[in-house]
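Order of the sequence lines fixes the chain letters, A, B, ..., with proteins taken first and strands second; residue numbering starts at 1 for each chain. These figures come from a predicted structure and were not determined experimentally.
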Amino acid sequence: MEEQYNPQALEQAAQAHWRDNNSFAVQRDDAREKFYCLAMFPYPSGKLHMGHVRNYTIADVIARYQRMQGRNVLQPMGWDAFGLPAENAAIANNVPPAQWTAQNIQYMREQLQQLGFAYDWSREIATCDPDYYRWEQWFFTRLFERGLAYKKKAEVNWCEHDQTVLANEQVIDGCCWRCDNPVERREIDQWFFKITDYAEQLLDDLDSLEQWPEQVRTMQRNWIGRSEGVNLSFELNGEPLQVYTTRPDTLMGATYLALAPQHPVALAAARDNAELAAFIDAQSKLEVKEEAMATMEKLGMDTGLTATHPLSGEQVPVWVANFVLMSYGSGAVMSVPAHDERDFAFARKYDLPIVQVIARRGEGHDYDPTTWQDWYADKQDVVTTNSGEFDGLDFQGAFDAIADRLESLGKGSRAVNYRLRDWGVSRQRYWGAPIPIINCDDCGAVPVPEQDLPVVLPTEVEFEGVGSPLKQMPSFYETTCPRCGGAATRETDTFDTFMESSWYYARYACAHNDSAMLDDEANYWAPVDQYVGGIEHAILHLLYARFYHKLLRDEGLLNSDEPFTRLLTQGMVLKDGAKMSKSKGNTVDPQALIDRYGADTVRLFSMFAAPPEQSLEWSDSGVEGANRFLRRLWKLAAAHIAGGNAPALDRAALDRAQRDVRRKIHETIAKVGDDYGRRQTFNTAIAAVMELCNELGKLDDSAQGRAVLDEGLRAVVLMLGPIVPHTCHALWPALGGAGDVLDAPWPAVDESALARDSIEMVVQVNGKVRARMDVASDADKDSVQQLALEQDNVQRFLEDVTVRKVIVVPGKLVNIVAN
RNA sequence: GCGAGUGUGGUGGAAUUGGUAUACACAAGAGACUUAAAAUCUCUCGGCUUCACGGCCAUGCGGGUUCAAGUCCCGCCACUCGCACCA
């Protein structure tokens with residue numbers, strides 16, 4: 001064995017060995033438990049960044065640890081290859097997106113291989129490959145037949161100057177990122193998936209995801225936003241005008257109605273009201289983002305119309321308000337300014353009547369119609385008032401009484417509403433999977449028949465700079481209708497890239513099946529046992545993938561309910577306290593570090609610097625420290641090996657110091673196993689191994705000292721195998737280990753080594769530590785208490801006071817309460 | 001605005017179920033080796049105080065519960081992330 005730690009040579013040798021032995025290719029094996037470990041696949045942006053390194057190292061450590069636990073481990077890798085950056089790069093460098101993407105994939109694949117990740121590369125997929133997206137197109141046509149995919153008008157960000165649709169990120173301060181002209185809202189026909197049909201399931205099944213971070217489940221719960229309320233109708237010109245409210249108990253306080261600017265009644269009223277038309281038009285130019293909606297000034301205009309209150313029969317004015325969303329409920333709300341903060345602000349601004357219908361007893365609960373107080377909107381400890389026959393009821397009582405009355409009058413019904421909206425899957429972009437639809441003047445939207453799939457995205461394209469090239473390519477869009485045979489046009493929109501990432505995890509199981517989207521192998525491997533990815537995907541990607549999994553299940557392609565059993569959301573990688581970005585100039589290129597220190601040092605530091613869920617502060621000197629540790633470990637092992645074969649361990653012959661080190665070895669094995677498996681805190685696992693190495697270095701050179709060191713070094717190599725696999729691959733046979741370290745079983749804890757004859761206990765007086773003492777591990781409480789009271793420094797603090805109580809926590813501490 | 005999270009030495013972090021605050025590492029300082037430097041090794045390292053033993057203070061801020069609080073509860077402050085066409 002080499003005396004010097006030489007990462008370049010040993011990493012290349014290990015990687016060649018794994019490649020030559022197909023070490024990470026896996027097949028179905030019913031004799032062993034399967035374990036599917038997956039990290040979110042990368043967008044092939046050009047080269048790996050530190051976030052990738054961290055993400056993939058975490059997953060790799062888990063995969064390798066599970067393999068040492070004897071499981072049949074699948075860890076695949078692929079490419080989320082469609083998306084906007086390829087189009088931007090095409091414009092900037094005059095390279096077609098397909099070519100740019102392919103080059104990036106090639107380079108990044110090499111980088112991943114250099115990092116030694118245990119991937120089964122035979123299952124690699126790229127979502128821009130027609131062999132992949134054809135199944136997505138096929139599945140879309142199935143959903144279309146089942147009525148789960150449908151077309152409707154929806155708003156997009158539109159730049160009039162560039163004649164193009166913009167992504168939210170391309171809208172900067174309400175203006176186009178390229179030409180700086182104001183962005184408008186425009187309605188165009190788009191395809192949607194009825195995710196709202198699955199809202200209840202998506203919400204209920206969150207309870208079964210016990211191994212997901214509570215944070216992510218909460219975010220999804222809020223995103224789905226289930227609410228219980230009542231749909232009720234006011235009457236306007238003899239027609240019912242429906243509103244949705246979660247507060248029917250405040251119905252008697254409704255003093256006006258507010259419509260979304262796009263509401264049909266508002267648009268109708270604007271036809272002969274130029275001022276109103278101008279107002280609605282102005283609102284349509286504003287951003288539609290929720291954060292913008294929440295912070296912008298609340299503006300409105302009276303339509304001049306009035307509607308009849310369903311219970312009181314009174315006439316209330318109908319307004320148009322910019323904060324009412326057409327996409328939620330019915331696009332109209334009943335306004336109860338006394339008990340809703342937004343309505344209150346709006347009523348004060350436009351001098352609309354405020355009628356208090358909820359009261360609360362107690363100090364500071366007087367109703368003041370000039371100042372908003374938070375209790376106005378409370379549902380607890382309140383009673384109805386000014387509501388005629390509905391007076392004196394609590395929230396639920398009033399809710400039920402008023403809902404019952406509306407139902408009996410035929411003017412309303414209880415309803416559950418979701419904030420979740422249907423998933424718009426159309427994108428007016430080039431670099432995506434074509435939507436397999438043919439638009440025929442006679443037959444409407446007709447799905448492309450199965451035998452004509454895939455609809456292949458042309459890759460030889462010219463980028464003019466604006467808009468999708470597909471829309472300028474008659475050779476792509478001119479076709480005939482599959483139903484009537486007449487001339488027709490192909491859909492030129494492509495799918496949202498969340499489509500591809502919603503089912504890729506299942507496709508890895510049968511990556512090369514060209515006769516079906518998924519097969520039995522998918523049911524063998526699914527669900528993913530461990531999924532690892534960034535917290536920024538907590539809502540959208542994970543919700544869409546959960547939805548897709550249920551769609552695939554209902555299509556008969558999968559037999560489980562959820563795609564990801566356990567989820568680990570890793571934090572960001574920071575430099576100088578800020579997210580790494582080119583504009584800040586604080587990026588760290590992993591490649592330079594791999595070249596300088598080797599992959600194992602980079603992996604070790606990434607895992608040591610912070611627990612995986614927290615953000616990680618990058619530190620160049622920390623990387624050096626990680627490298628120093630590996631060199632020290634190498635030296636310790638090399639010196640030990642150079643001393644020849646270690647004698648057999650004789651447990652009875654160990655002196656006290658050797659017994660202590662041996663206890664530490666087995667305590668560390670237990671702790672590291674727990675840290676890898678249950679806690680997933682790899683930083684503390686590494687710290688524990690470092691502590692152990694510090695102890696091993698102090699062992700004497702006697703026969704039994706060398707025997708304990710031998711046992712300790714083998715344990716260290718096994719424990720670090722998942723984190724620094726190349727180094728351990730080289731050390732393992734040098735220490736006499738059989739086979740590859742990656743297939744070695746996880747070391748067993750020798751319970752007998754854990755026994756102690758005495759324990760150090762702390763003695764507190766009134767909660768402050770005053771002494772430490774060694775106590776026999778089998779000492780009873782009374783003798784521990786006795787010994788504690790006898791400590792000199794304890795005695796000092798017990799002068800002139802009376803002992804009231806003594807608390808003994810076995811094995812830990814004694815607290816003497818005295819005053 | 002709404003939702004979620006974080007806050008501990010000079011720095012990254014540890015303390016897992018309420019029970020020894022600051023493990024492990026980085027940086028810094030001192031020493032050894034060396035002609036010298038690098039590398040390596042040894043020691044010191046929260047603040048104040050004490051010749052020393054020891055003592056007092058300290059986990060963003062202010063309260064509370066408890067024999068005992070970094071950990072639980074209430075109220076603040078600061079920062080970070082997400083918000084539907086970036087992935």
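- At the heavy-atom level, A:V216 lies nowhere under 4.0 Å from the strands shown.
- Minimum atom distance to the side chain of A:Q190 is reached by B:C85, of the listed B:U16, B:C85, B:A87.
- With B:A14, B:C86, B:C83 as the candidates, the nucleotide lying closest to the side chain of A:Q614 is B:A14.
- Atom P of B:C41 sits at a distance of 49 Å from the matching atom of B:C77, rounded to the whole Å.
- Shown here is A:R342, whose CZ atom has no more than 12 heavy atoms of other residues, nucleotides or ligands within 6.0 Å.
- Applying the salt bridge (Lys or Arg N to Asp or Glu O under 4.0 Å) criterion to A:R772, with sequence neighbours excluded, gives no partner residue.
- The side chain of A:Q215 approaches B:A4 more closely than any other nucleotide in the set B:C56, B:A4, B:C85.
- Listed nucleotides: B:C56, B:G13, B:A87. Nearest to the side chain of A:N683: B:G13.
- In the set B:C67, B:C85, B:A84, the nucleotide with an atom closest to the side chain of A:R419 is B:A84.
- Taking for each of A:I816 and A:F82 the nucleotide of RNA chain B with the nearest heavy atom, the 5'-most of the two is the partner of A:I816.
- Here the rule is ring-ring contact (aromatic ring centres under 6.0 Å, His included) with A:Y132, and of A:F82, A:W503, A:Y504, A:F495 only A:W503 fits it.
- In the model, A:E155 has a side-chain atom that pairs as donor or acceptor with a side-chain atom of A:Q262 under 3.5 Å.
- No close placement of the A:F608 and A:F629 rings is indicated, their centers lying 6.0 Å or farther apart.
- Which of B:G54, B:G19, B:G12 sits closest to the side chain of A:I807 comes down to B:G19.
- You'll find that the side chain of A:R679 is closest to B:A15, out of B:U20, B:A15, B:A84.
- Taking the C1' atom of each, B:G62 and B:C48 are spaced 24 Å apart, rounded to whole Å.
- Closest to the side chain of A:Q764, from the set B:G82, B:U20, B:C85, is B:U20.
- Counting heavy atoms of neighbouring residues, nucleotides and ligands inside a 6.0 Å radius, atom NZ of A:K152 exceeds 12 of them.
- For A:W223, the side-chain atoms get nearest to B:A84 when compared with the rest of B:A84, B:G12, B:A14.
- Regarding the sugar-base torsion, B:G9 falls in the syn class, its angle being within 90° of 0.
- Spacing of P atoms, B:U40 relative to B:C53, comes out at 33 Å, to the nearest Å.
- At a cut-off of 3.5 Å, with distance as the only test, no side-chain donor of A:Q220 or A:W212 sits close to an acceptor on the other residue.
- Nearest to the side chain of A:P611, among B:A39, B:G82, B:A14, sits B:A14.
- Taking 3.5 Å as the limit, the base of B:U16 and the side chain of A:K671 contain a donor-acceptor pair of atoms between them.
- When the shell of 6.0 Å around CD of A:E214 is examined, it contains more than 12 heavy atoms from other residues, nucleotides or ligands.
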Watson-Crick and G-U pairing of RNA chain B written in dot-bracket, each distance under 3.5 angstrom, with | for inter-strand partners: (((((((..(((......[....))).(((((.......))))).((((....))))..(((((..]....))))))))))))....
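- Atom P of B:C67 sits at a distance of 36 Å from the matching atom of B:U49, rounded to the whole Å.
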Take nucleotides 25-32 of chain B nucleotide by nucleotide from the 5' end and write B, S or -, depending on whether a protein heavy atom sits under 4.0 Å from the base, only from the sugar-phosphate, or from neither. SSS-----
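- Rounded to whole angstrom, the span from the NZ atom of A:K664 across to the P atom of B:A23 amounts to 13 Å.
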